[in-house]
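See structure below.
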Amino acid sequence: MATDTDKTDVLQGTLALMILKTLHTLGPLHGYGIARRIEQVSGDALHLNQGTLYPALVRLEQQGWVKPRWGASDNNRRAKFYSLTPRGERQLAAETDRWGRVAAVVERFLHPADDAS
Amino acid sequence: MTSVRVWLARIGELWRGRRLDQELDEELEHHLDRLTDDFLRGGMTRDDARRFARRELGGVLHTRELVRDRRGFPMIDAFRQDVRYAVRVLLRTRSFTLVAVLTLALGIGANAAIFSLVDAVMLRPLPYAAPDRLVSIWEARVKAGPANLSTRGTSFSGKADPGRMPVAPANFVEYRRDLQAFSGMAGVSGSSKNLTGSGSPERLIGEEVTHEYFDVLGTAPSSGRVFSAAEDRPDGHPVVVISDGLWRRRFGADPRMLAQIVSLDSNPYEVIGIMPAAFQPATGFGSTDAVDFWVPAAYPADLLANHGDHEIRVVARLKPGVSTEAARAELRAYTDRLATAYPQTNTGITADLRPLREDVIRDVRLSLMVLLVAVGLILLIACVNVANLLIIRAVSKRHEVAVRFALGASRRRVMSELLTQSAVLAALGGAAGLALGAWTQGLLVRVAPTSIPRLQSVGLDSHVFVFTALAALATVVFFGLVPAWQVGRARPIEAIKGRSRSVTDTGVLRWRSVLMVSEVALSTVLLVGAGLMIKSFLTLNGVGLGFMPDHVLALNIALPETRYKTADARLAFYDALAAHVALRPGVQSVAFANRLPLRGGWGSGVLIDGVPAATPSGYLDADFQAVNPGYFATLGIPLTRGRLLTANDRKDTEAVAVVSAEFSRAFLQGGDPIGRHFNRGTGLPLITIVGVVADVRRDGRAAALNPQVFLSAAQTTLYPVRLADFAVRTLGDPRSLAPAIQQDVWAIDKELPLTNVRTLDEILFQKVADRRFQTLLFVLFAALALMLAVVGIYGVVAYAVSQRTPEIGVRMALGANRGRILRWIVGQAIGLVTLGAVAGLAGAFALSRYVATLLFEVGPTNVPTYALAAVVLGVVALASAVLAGRGATKVDPVVALRCE
C-alpha cells in the first residue's frame, strides 16, 4: 500500500501539469476524456489506469485548482466534469514556466557538448 | 500555503465521506463504460470489451482505496473502522466484555469516588479571593530552643506540628503591627452565645474576629457592613454580623434586619451586616455546625498584657510577591525578638505558618493519600485481570492474525486494531466506572466522618471527569499494550504450520505468570493494609473506658454570665434542675459537671505535699472535673477504695476529692492516696483525698490514660471552671428524655437553650468515625482486590489446563490418577501465588511506614497481621486454583489424544 502511494507521488507533479494543460486546452472534461487526451498527446506512451488518475484529480480538487461539476456527457450519461479554476490557471502558468526551466537545465546537463560547440 | 487549503478541504470531506464514495463509484463506472464502448467499436464482443477495459483500468477496489487515502483522514477512517470492528467483536463475545467492563468499572469507579473526595478536600482552592495568598499562623513550644525547629511546611505526616498552640492575642497584635510580609492579618476564635428574644432560646455557634477578618478573606457582606476598628475595642459599640442562614431561619429574611438589636447572652447587639450564604468561616472547616454570627474580638487589656495566654487562630494574607518562606523567616525572626522582650512567657515559643489550604487539611491529608494509593492498587489489579483476559483472546486469535500477516496486513494495523479494542473496553469501563463512582460518592459522603473538612463540596465536576478519563487511558496503556505486543510478535509461518496446540505457548504463559504474580502481590498489600486497620480498630475498641457510656444522655446548658454571675448561682441552678429531672420516670440517676467525659474538660497542676514533683515546674498534671454526687452512678464509675463524694461535701465542710487508680500509680508510686493532701498550686486550698475509683479515659479510648481528680461541685471555691454539662442515666432509650429535660430547664429559666444533646454512645461512635471510615474502606478495597485476584487466578489456571489438555491426556493414559494431575496443576499455581505473596508482603512492609500514624497501638510491621494476610490469600488462591484445576481431572484421555 505504502509503495503505491510513493509511486503516485512521484508521478504527481508531471501528471498534475498534464491534467491542468489538458483542461486548459479542451475546457471542462470528465475523467475518461482526460485519460484519452493524455494517451493521445503522448502518442500512446502513457496509459493511465484509474488508480493513478483519480487520486491525482482528488488532489487537484483539494488544492482548489480544478472544480468538479456533474453534467451530461456526449452519450447523455451523467458524468463528473472537471474545469480549471482561476487558481488552476495561475498554477498552470507557473508550472509551465518552472517545467520549462527545469527541462532546459536537465537538457544542458545531459548534452553539455552541444552547448560548448 | 496550499497545504492549508488541502487540510481544510480534507476536513470538509470528513463529513461527506459516504456521498463522495458514491460519486467516485459512479465516476469510475462511467469511465469503464466509455472505455468498454471504445473496445466494442474496435470489434470486440461485449464480454471481452468489458474484461479488457477492466484490465486496462486496474482494480476498482484498489482505486477506491487510493482515492480514499487522499480524501479526508485515512487514519481517522481506519480508527472508525477499528472502533466499529471492536464493537462488533465485543458484542459477539458478551460474557468476556461483561467481565472486562465490570472489572474496569469497579476499578475506575472506586478511583473516581475516592478522587472526588480528595479533590474536594485537598485540591480545590478555598472559596476566598486569591486563596493562595492566605496563610495560617500558629505558635509552638519548642523543646530544644528555636534553632532546632525544622521547617515542616509541607510535611507528609498526618498529625503534624508538635507543640502547636493557638496564638496569644498579645503576640498577635505585635505581629499585626510590625510584620512587613503581610497585607493583612486577623485573629479568630470560636464563640457560642445564647440567642434569646423572639422564639425559643437558641445556642448559636459564632466567631470572635478582629476587624480585619472579612478584609483578609476578601469577602464582603451581602448587605450592610462589617466591623470598624473602633468597634473592635472593649469599649466599642456592641455590633454583630450574622449569617445568611441565621437571617433566613430565625428572622424570616427580614429586609429591615440591619440596625435591629438582638440579644446574645442577654447583651444587646446591633446587627450591622449579613454575610452571603456561600461564605466559608475560617473556623468552620471540618465541622458541620453552621457559624451564625461574628462579633468583634475586642481583646481586653488584661489579655493583651499576658503574652502567655494562647487563645486564637490567625489568618493572614501575604503581600504580593512575598513568598511563604520569606514570610516564615520574618515571623521566626520576630518571635526571637519577642522572646527577648518577654522572656518569662515567650522563651521557647516560636511561630510558624503555612498556606491556609494545607493547614485546613493537615490532619486528613495522610489518610486521604493512603486511600488514594490503596484504591490505585485496585485499579492496577483490575488492569492486570483485563490484560489476562485479553491475552487469552489474543492467543486464540493467533492463527487468524498469522493468516492476515501472511496476506500482507501490516503489523501496525493489526496491533492498532487490538489496541482499539482495549480503548473501547476502557471507554466502556470508564463510563460505567463514572456512573458507579457517582453512586458510591453519595454513599461515601454519608459514611465519611464529619471531621473531614470541606466534605460538603464533594461532587462530580470537571476534575473528576478528567481524572476518570486519565484513569481509563492509563488502563488502556496498561492492559492493552501487552496483548497487542504479544500478537504483534506472532510469526506467520510458525503459527500456520503449528496448528497443533500440544506445544505450550511459553511466551504467553510467562506473561500470564508475571501478571498473576503481580496481581497476588498487589492484593497482598491491600490485605495487609486492611488487616492492620482492623487490628488497630479492634485494639482501640478493646480499650476500657472506665465508665459505661450506654443509656446516658448528655447535654450542655450555657448559663449566661450576665444572669448567673457567681459559681454558687450556677450550682443552685443545676441542683434545682437535678432535683426536677430525678423525679422523671425512667431516670436512674442525674449528673452534672463542668464537662462530662468525651465532651472536653479541664487540666490542672497538682502539688502533693511530701512528694517532690519531677517536672521543671514542680507540678504534676492531672485531668480535673467538678462533679455532683450522682456523677459516679450516672457514668457507672466503680469505687475501689474509700468513699465517693456525697451531698454532705459542701462548701462549709472539708475540701475533698476522689482520684483514679492512675493517680496513685503516677504520683504516689502506687501508694495509698486516701488521706493524702494536695492543692492545685501554691496558696490554693488543700484538698484531702477520700476515695479511689477505677481508671477513666476521659477523652475516649484513643486518648492517654491520665490521672483523674474529681472535686465536689458543691465546693465551688475549689474550681475555676463553670458547670455546663448535664446528664441522665435512663432505663430505656435515653433520647426520649430530651423533651422532659427541656421542660424542666424552661420551668426554671425560659431563656436557656439546650445544646449538644447527645448520648455518650453517639459521641463515642463519632470519636472513632474517621478510623471506622478508613477501616471500612480498606476492608472494602481488600475484599475487592481479593475478588479480582480470585477471578485472575482462576483464569490463569483454567487457561493452563486448556493449553495442556493433550499433555494431561498422555499423563492419564500412562497411569497418572486424577488426584495426581490436580496436584500437579495446582502446584504450579501455588508456586506463583507464593512468589506473589512474598513480593506483596515485602511491598506492604516497604509501604507500612506511611500508615503508621493511622494506626492505634499496632506496629505497621505487626507480624501476626502479615501472617494472617498471607494465610487468607493463600487459602483463597488455593481454592480458586483447585476449582479451576478440577477441569483437568475431567479430561478424557481418549478425547485429549485424539485432539493431537
*Hey, could you give me the CG/CZ distance between A:N49 and B:R55, rounded to the nearest 0.5 Å?*
13.5 Å
*Going from OH on A:Y32 to CG on B:D33, what distance comes out if it is rounded to the nearest 0.5 angstrom?*
10.5 Å
Are the side chains of [Y] and [X] in contact, using a 4.5 Å heavy-atom criterion?
{"X": "A:R78", "Y": "B:H30", "result": "no"}
{"X": "B:L8", "Y": "A:Q62", "result": "no"}
{"X": "A:H30", "Y": "B:R34", "result": "yes"}
{"X": "B:E23", "Y": "A:W70", "result": "yes"}

*Under the side-chain contact (heavy atoms from CB on, under 4.5 Å) rule, what do A:R36 and B:D38 come out as? Steps first, then yes or no, please.*
CA-CA 11 Å; A:R36 286 308 303 269; B:D38 285 354; 2.2 Å; yes
_The criterion is side-chain contact (heavy atoms from CB on, under 4.5 Å); which residues satisfy it with A:T22, sequence neighbours excluded?_
A:L26, A:L29, A:R37, A:I38
Show every donor-acceptor pair shorter than 3.5 Å between a side-chain atom in residues 82-96 of chain B and any protein atom, with sequence neighbours excluded, or say none if there are none.
unit_1: B:D82; atom_1: OD1; unit_2: B:R413; atom_2: NH1; d: 3.2
unit_1: B:D82; atom_1: OD1; unit_2: B:R413; atom_2: NH2; d: 3.2
unit_1: B:D82; atom_1: OD2; unit_2: B:R413; atom_2: NH1; d: 3.3
unit_1: B:D82; atom_1: OD2; unit_2: B:S416; atom_2: OG; d: 3.3
unit_1: B:T93; atom_1: OG1; unit_2: B:V89; atom_2: O; d: 3.0
unit_1: B:T93; atom_1: OG1; unit_2: B:R393; atom_2: NH1; d: 3.4
unit_1: B:R94; atom_1: NE; unit_2: B:L91; atom_2: O; d: 3.4

*Spell out, as yes or no, whether a donor-acceptor pair under 3.5 Å connects the side chain of A:Q50 to the backbone of B:L28.*
yes
